[in-house]
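Okay, structure first, notes after.
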Amino acid sequence: MDENRAQGRSVSPRLWLAGGWLLLALLAAIFAPLVAPQDPLAQDLMLERLPPFWIDGAEPGYWLGTDSLGRDLLSRLIFGGRIAFIVAFAAAFAACLVGSTLGLVAGYFGGWADRIISRIVDVWMAFPPVLFAILLVAVLGTGLSSVILAIAIIDWTRFCRVIRAETMGQSRMDYVENARIAGYGRIGIMLREVLPNVVPSIVALLSLEMGIAVIVEAILSFVNLSISTDDPTWGGIIAEGRLSIHQAWWVLVFPLITLIVTVLSFSQFGEALKTRFDPVLR
Amino acid sequence: MLLQRFMIRLLTMLITLFGVAVVVFVVIRVAPGDPIAMMLPPGATDADIDRLRALYGLDKTIVQQFFIWLSGVVRGDFGTSISLRQDVLGLVFNRLPATLELAIVALVMAVTIGGTTAVIGARERGTAVEAGIDIASGAALSIPDFLWGLVLILLFGVLVPIFDISGRVSPQLDLPFVTQFYLFESLLRLRLDLTWDLLKHMLMPAVALALPLAAIISQLLKQSLKEVLDLDYVVLARVKGFSETQVILREALKNAALPTLTLVGVQFTFLIGGTVIVERLFSYEGLGNMAIDAVINRDLPLIQGIVLVFALLFVLINLTVDMMYALLNPRLRHG
């Protein structure tokens with residue numbers, strides 16, 4: 001393959017910026033107790049609604065200001081990243097595993113398997129996803145595993161639809177026919193020949209889905225249906241910010257910027273990875 | 001041909017709806033909390049509990065409960081809301097118009113913004129203008145409606161407070177309406193003062209819902225316009241002396257719009273799904289906002305009713321789009 005072009009794409013600023021932010025946010029989340037300047041739960045009514053550092057009245061050590069209970073915003077954002085990334089990775093991988101498997105089976109085997117799986121996808125598509133998520137968490141009970149499970153239960157169809165279509169396209173190609181003539185079994189062909197060719201799409205979708213999972217978790221904690229209310233979450237901070245928007249705009253602005261940059265990074269990262277791995281585009 | 005296609009789609013739609021009913025029912029009956037226990041005052045006797053269970057049909061087997069409920073739904077009986085103690089169908093129909101108005105205003109915005117930028121982008125193809133449109137639509141698409149809503153609250157509710165960011169209509173106003181379609185009725189009654197007040201409340205949530213869809217329409221329509229613009233009949237129109245804008249609007253648009261139409265149908269259901277959280281964000285009194293309250297209150301009959309109405313809406317939209325596509329596509333029409 002054309003090494004230079006592949007190299008040129010891999011160092012695109014898009015990939016570096018997106019990957020850089022995600023790595024930074026992930027490391028901050030992992031090492032939160034070391035990185036966070038304050039205890040994210042410590043309340044101090046003497047320090048309530050401190051502005052960010054460049055505005056008069058800011059206190060040193062509270063870089064992004066404090067919320068209405070005097071809790072440090074930066075530390076809460078860093079600790080909130082823990083929940084966001086755990087949900088992003090766990091929910092996206094679970095949705096990917098279920099959805100890609102079913103998509104591969106439906107696309108490759110066709111017939112009844114395809115008809116049944118496609119009908120289930122149709123049923124799933126008839127639900128408003130946010131409402132479905134809220135309903136599932138209400139039923140499963142709030143908590144980290146419920147949030148992860150709910151997102152996986154809802155979003156596997158995203159993988160299933162795309163991978164099914166891609167697998168159908170691949171299955172009609174000559175190399176699949178050649179493998180069959182060469183005497184390989186159907187499951188062997190599916191896993192060894194077709195799967196590697198749909199992996200770029202799976203990787204791109206996986207990255208995109210992590211961004212979606214972060215948003216869904218934020219929405220769930222915004223309506224107070226995510227994990228326990230004590231731990232800081234990005235959506236929970238946004239809900240506080242929405243309430244005190246006229247007194248302390250920074251409590252809404254900083255988590256919002258964090259969420260937007262994270263979601264954009266996940267989608268850009270996925271796009272860039274797809275371009276990098278795609279044998280045709282490369 | 002068309003009728004046959006319609007019948008097949010109708011049948012699939014019914015199967016899908018049955019599947020939806022089963023899923024909702026299964027999900028809700030898995031719920032560990034006992035809704036009856038929450039309704040009773042402290043000190044209620046076992047007899048009271050049994051009477052209530054029988055009243056809501058909770059003493060029968062799961063399969064019996066499902067078919068009792070389903071036969072009710074088919075007859076238009078969605079049961080009684082546990083938290084609001086009112087007929088579910090009445091509650092849903094009371095709120096549905098607010099959500100539909102919001103979704104339709106958002107759809108009109110999305111088509112207008114997306115269509116305009118697509119035409120401009122196709123006319124200015126290869127220039128910095130097209131690149132700018134691509135970047136803007138890329139950003140609009142990657143950021144979901146929930147975050148757009150928050151951005152808009154900050155920009156036009158706090159920084160430059162020109163729009164209302166809470167509620168559907170100013171509470172001090174006297175409303176003469178007989179239907180729940182406030183916006184449409186205010187237009188029909190020529191009460192433009194009320195129309196303006198309603199629009200001021202509706203604009204921000206509608207923009208938040210419209211932006212991602214506008215971006216998709218813009219990208220897809222621009223792409224198909226650019227493909228059509230290279231075809232012979234368009235080149236001929238250009239040779240005849242039509243300006244590029246005229247060529248696009250008169251010749252290219254109607255052929256390029258067809259692939260976009262199918263996509264808009266599916267995406268419109270996503271937009272309606274987005275109303276759930278966007279209504280919550282803007283305290284807009286629609287169906288989605290009520291749904292979140294219903295979930296928080298563990299109001300099973302109300303949740304069932306709302307989800308089923310949403311699902312019915314979704315499959316009806318898909319059916320309509322499918323039929324429109326079949327009617328407009330010459331290959332299917334004469335097939």
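None of these values were measured; they are calculated from a predicted model. Within every chain, numbering begins at 1; the chains are lettered A, B, ... in the order of the sequence lines, protein sequences first and strands thereafter.
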Among [options], residue most engaged with chain A (heavy-atom pairs, under 4.5 Å):
| options | result |
| --- | --- |
| B:Ala139, B:Gly157, B:Pro144, B:Gly274 | B:Pro144 |
| B:Phe146, B:Phe270, B:Phe18, B:Phe310 | B:Phe146 |
| B:Leu154, B:Ile303, B:Asn318, B:Thr12 | B:Leu154 |

Ignoring hydrogens and angles, tell me if any N or O in the side chain of [X] forms a donor-acceptor pair with the backbone of [Y] under 3.5 Å.
| X | Y | answer |
| --- | --- | --- |
| A:Gln268 | A:Ala18 | no |
| A:Thr262 | A:Thr258 | yes |
| A:Ser146 | A:Gly141 | yes |
| B:Asn297 | B:Asp293 | yes |
| B:Trp148 | B:Leu209 | no |
| A:Ser207 | A:Ala204 | no |

Part of [X] within contact of chain A (heavy atom distance under 4.5 Å):
| X | result |
| --- | --- |
| B:Val276 | side chain |
| B:Leu281 | both |
| B:Leu313 | neither |
| B:Val22 | neither |

- Message: Tell me every residue that passes salt bridge (charged side-chain N to carboxylate O under 4.0 Å, His left out) with B:Arg9, counting only those two or more places apart in sequence or in another chain.
- Response: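 Applying salt bridge (charged side-chain N to carboxylate O under 4.0 Å, His left out) to B:Arg9 gives B:Asp322.
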
- Report the C-alpha distance between A:Ser201 and A:Ile163 in whole Å, list the side-chain angles of each, state the deciding distance to 0.1 Å, and finish with yes or no for side-chain contact (heavy atoms from CB on, under 4.5 Å). CA-CA 7 Å; A:Ser201 299; A:Ile163 301 307; 4.3 Å; yes

- Message: Quick check: under 4.5 Å, non-hydrogen atoms only, which of residues 236-243 of chain A neighbour chain B?
- Response: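 From residues 236-243 of chain A, the residues near chain B are A:Ile238, A:Arg242.
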
- Query: Within residues 149-157 of chain A, which positions have a heavy-atom distance to chain B below 4.5 Å?
  - Reply: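 Checking residues 149-157 of chain A against chain B gives no residue, so none.
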
Which residue out of [options] racks up the most heavy-atom pairs below 4.5 Å with chain B?
| options | result |
| --- | --- |
| A:Val263, A:Val130, A:Ile120, A:Leu131 | A:Leu131 |
| A:Phe132, A:Phe222, A:Trp249 | A:Phe222 |
| A:Ile212, A:Ile219, A:Ile215, A:Val137 | A:Ile219 |

- Item | Residues B:Val160, B:Leu155; criterion side-chain contact (heavy atoms from CB on, under 4.5 Å); working and verdict | CA-CA 6 Å; B:Val160 193; B:Leu155 290 182; over 6 Å; no

Contacting moiety of [X], where chain B heavy atoms sit under 4.5 Å:
| X | result |
| --- | --- |
| A:Leu256 | side chain |
| A:Phe266 | neither |
| A:Val223 | both |
| A:Leu259 | both |

- May I ask you to check whether B:Thr16 and A:Asp122 show a side-chain donor-acceptor distance below 3.5 Å?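 Note: B:Thr16 and A:Asp122 side chains miss the donor-acceptor criterion.
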
- Task: Take A:Ser68 and A:Arg49 through the side-chain contact (heavy atoms from CB on, under 4.5 Å) test and state the conclusion after the steps.
- Result: CA-CA 5 Å; A:Ser68 56; A:Arg49 293 188 186 133; 3.4 Å; yes

- Any residue meeting ring pair (Phe, Tyr, Trp, His ring centres under 6.0 Å) with A:Phe269, in chain and number order, not counting sequence neighbours: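 A:Phe269 satisfies ring pair (Phe, Tyr, Trp, His ring centres under 6.0 Å) with no residue once adjacent residues are dropped.
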
- Message: With a 4.5 Å cut-off on side-chain heavy atoms, are B:Val23 and A:Trp124 touching?
- Response: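 Side chain of A:Trp124 against side chain of B:Val23, heavy atoms only: contact under 4.5 Å found.
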
